[in-house]
Amino acid sequence: MAEGQSVLFGERPFWWIGESHVFANKWPKVQQYSSTCENGPGSPSGHAMVTAAVWWVVASSLRSYLYRRNYSIPCTYAPYLLYGALLLVVGISRVFILAHFPHQVVTGSIAGLVVGMYLNNRVPERRSFSFYVGLTASMLFGTLMLNVGLRQLGVDLTWSLALAKKWCSHSDWVRPDVAPFTSLARDCGALLGLGLGQHWKPGGWPLSRRPQALSLALSSVALYWVCWAPLPLRPPALYYVLFFVKFASVPLIVMLVPGLVHFVMRKTKWN
């Protein structure tokens with residue numbers, strides 16, 4: 001498979017073992033897990049990339065906080081050590097379950113680190129709602145046009161789905177929520193939901209500790225329900241739309257629940 005040699009079309013170990021015919025004479029004894037059967041391309045590792053990007057923001061923010069508190073130098077830089085340890089653990093786990101090759105984990109970690117460092121001081125707090133709408137529409141339209149263009153060139157972006165179904169030990173482990181276009185719907189939905197939340201109430205709601213704890217509990221329950229709510233797989237267009245709406249609701253829940261608690265608190269004078 002020629003496109004499998006490209007950086008963005010990397011093989012995954014659990015299907016490469018069978019497709020490469022390297023082990024035709026002696027099949028290796030390997031074990032798959034439910035997390036093994038990712039059906040997107042293997043390079044770069046999305047888990048490593050997201051972990052590196054998100055936790056870099058957390059680690060650098062915690063480091064700045066400790067520095068302002070005049071902690072010792074070893075204590076100040078401890079978050080970076082924890083950050084490196086977390087990346088190592090995530091990378092080893094992805095290789096262990098045959099979801100990625102080591103170089104894919106390294107590539108994902110480096111890419112995520114670069115993204116995290118670039119976006120760390122560029123939080124779009126003062127962006128208008130039209131910015132989020134335009135960015136969401138651009139991502140959706142651009143990806144769809146890219147898909148159409150690549151298909152005209154004979155490149156199928158869903159090539160990995162057939163391999164995952166072929167080589168996964170259990171067919172029910174090949175989940176639709178990790179497919180490439182499902183990931184696009186998830187990311188675009190979350191982006192639009194974030195824009196709606198920012199537009200509705202910039203800065204959030206002023207709450208004291210008890211209402212904050214109540215908001216956290218209620219939000220957790222609502223997010224759990226949204227996360228595990230089943231979606232119809234047919235027709236595919238309906239599934240993608242509902243998946244988009246599902247993740248657009250996540251930032252809104254984070255904003256809506258504290259807003260309701262704030263409203264009730266003002267009515268009951270509970271503080």
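This one's a predicted model, so the numbers in the text were calculated from it and none came from an experiment.
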* Would you check, one step at a time, whether the test side chain to side chain contact (heavy atoms under 4.5 Å, CB included) holds for Tyr239 with Arg234? => CA-CA 7 Å; Tyr239 173 78; Arg234 295 282 185 250; over 6 Å; no
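- Taking every heavy atom of both residues into account, Ser43 and Gln104 meet most closely at CB-CG, 3.8 Å.
- A donor-acceptor pair is defined here as one N or O able to donate and one able to accept, closer than 3.5 Å; such a pair exists between the side chain of Gln32 and the backbone of Ser169.
- Between Val115 and Leu119, some side-chain heavy-atom pair lies under the 4.5 Å cut-off.
- Note on Leu194: it clusters hydrophobically with Met139, by side-chain heavy-atom contacts below 4.5 Å among ILVMFWY residues.
- Nearest heavy-atom pair, Ala190 versus Pro251, reported as atom, atom and distance to 0.1 Å: O-CG, 3.6 Å.
- In this structure, CE in Met145 is found 11.0 Å from CG in Leu140, a value given to the nearest 0.5 Å.
- One hydrophobic cluster holds both Val133 and Leu252 under the rule that ILVMFWY side chains link at heavy-atom gaps under 4.5 Å.
- Both tests pass for Arg63 against the ring of Tyr77: distance under 6.0 Å to the centre and angle within 45° of the axis.
- For residues 80-90, there are no side chain to side chain donor-acceptor pair (under 3.5 Å) pairs, not counting sequence neighbours.
- Within 6.0 Å of CH2 in Trp167 there are more than 12 heavy atoms belonging to other residues, nucleotides or ligands.
- Summarising the geometry, atom CZ belonging to Phe244 is positioned 6.0 Å from atom OG1 belonging to Thr136; distances are rounded to the nearest 0.5 Å.
- At least one donor-acceptor pair under 3.5 Å links the side chain of Ser93 to the backbone N or O of Val90.
- Minimum heavy-atom separation, Ala48 to Ser109: CB-OG, 3.6 Å.
- Judged by the 6.0 Å distance and 45° axis criteria, Arg69 is not positioned over the aromatic ring of Tyr67.
- In this structure, OG in Ser219 is found 8.5 Å from CG in Leu256, a value given to the nearest 0.5 Å.
- Side-chain contact between Pro232 and Leu238 is present, with at least one heavy-atom pair separated by less than 4.5 Å.
- Rounding to the nearest 0.5 Å gives a distance of 7.0 Å between CG of Leu87 and OG1 of Thr51.
- Heavy-atom neighbours of Tyr71 OH from other residues, nucleotides or ligands within 6.0 Å: at or below the threshold of 12.
- Taking hydrophobic clusters as Ile, Leu, Val, Met, Phe, Trp and Tyr residues chained together by side-chain heavy-atom distances below 4.5 Å, Val250 shares a cluster with Leu231.
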* **Steps toward side chain to side chain contact (heavy atoms under 4.5 Å, CB included) verdict (Trp16, Val22)** => CA-CA 9 Å; Trp16 176 84; Val22 173; 4.2 Å; yes
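- Using a 4.5 Å heavy-atom cutoff, the side chains of Lys165 and Asn39 are not in contact.
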* To do: Go through Val106 and Ile110 one step at a time and tell me if the side chain to side chain contact (heavy atoms under 4.5 Å, CB included) criterion holds.
  => CA-CA 6 Å; Val106 173; Ile110 294 175; 3.9 Å; yes
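- Put simply, CD1 on Ile92 and NE2 on His100 are 14.5 Å apart, with the number rounded to the nearest 0.5 Å.
- When side chains are defined from C-beta on, Met117 counts as touching Trp56, because their heavy atoms get closer than 4.5 Å.
- Salt bridge annotation for Glu19-Arg12: absent, with no cationic side-chain nitrogen under 4.0 angstrom from a carboxylate oxygen.
- With hydrogens and angles ignored, the 3.5 Å screen pairs a side-chain donor or acceptor of Thr36 with a backbone N or O of Tyr33.
- Linking Ile, Leu, Val, Met, Phe, Trp and Tyr residues whenever their side-chain heavy atoms come within less than 4.5 Å places Leu242 and Phe181 in a single cluster.
- For the pair Arg68 and Tyr65, the NZ or CZ position fails the cation-pi test of under 6.0 Å to the six-membered ring centre and within 45 degrees of the ring normal.
- Under the 4.5 Å side-chain criterion, counting only non-hydrogen atoms from C-beta, Ser35 is not in contact with Trp173.
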* Report the C-alpha separation of Gln31 and Leu98 in whole Å, then their side-chain angles, then the decisive distance to 0.1 Å, and conclude whether the side chain to side chain contact (heavy atoms under 4.5 Å, CB included) test is met. => CA-CA 8 Å; Gln31 180 179 353; Leu98 300 180; over 6 Å; no
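- Atoms CD and OG, on Glu38 and Ser45 in that order, are 8.5 Å from each other to the nearest 0.5 Å.
- Leu66 and Cys75 make their closest contact through CD1-O, 3.3 Å (heavy atoms, listed as atom of the first residue, atom of the second, distance).
- Nearest heavy-atom pair across Ser249 and Val226 is OG-CG1, 3.8 Å.
- Closest non-hydrogen pair, Cys227 versus Lys246, comes out as O-NZ, 2.9 Å.
- Within a 6.0 Å radius of OH in Tyr118, other residues, nucleotides and ligands contribute 12 heavy atoms or fewer.
- Side-chain contact check for Leu216 versus Ser220: some heavy-atom pair is nearer than 4.5 Å.
- With a 4.5 Å cut-off on side-chain heavy atoms, Val30 and Phe14 do not count as touching.
- Side chains of Leu161 and Val174 form a contact here, defined as non-hydrogen atoms less than 4.5 Å apart.
- Hydrophobic cluster membership is shared by Phe247 and Val257, with clusters built from Ile, Leu, Val, Met, Phe, Trp and Tyr side chains linked at under 4.5 angstrom.
- A 6.0 Å sphere centred on CZ of Phe23 holds more than 12 heavy atoms belonging to other residues, nucleotides or ligands.
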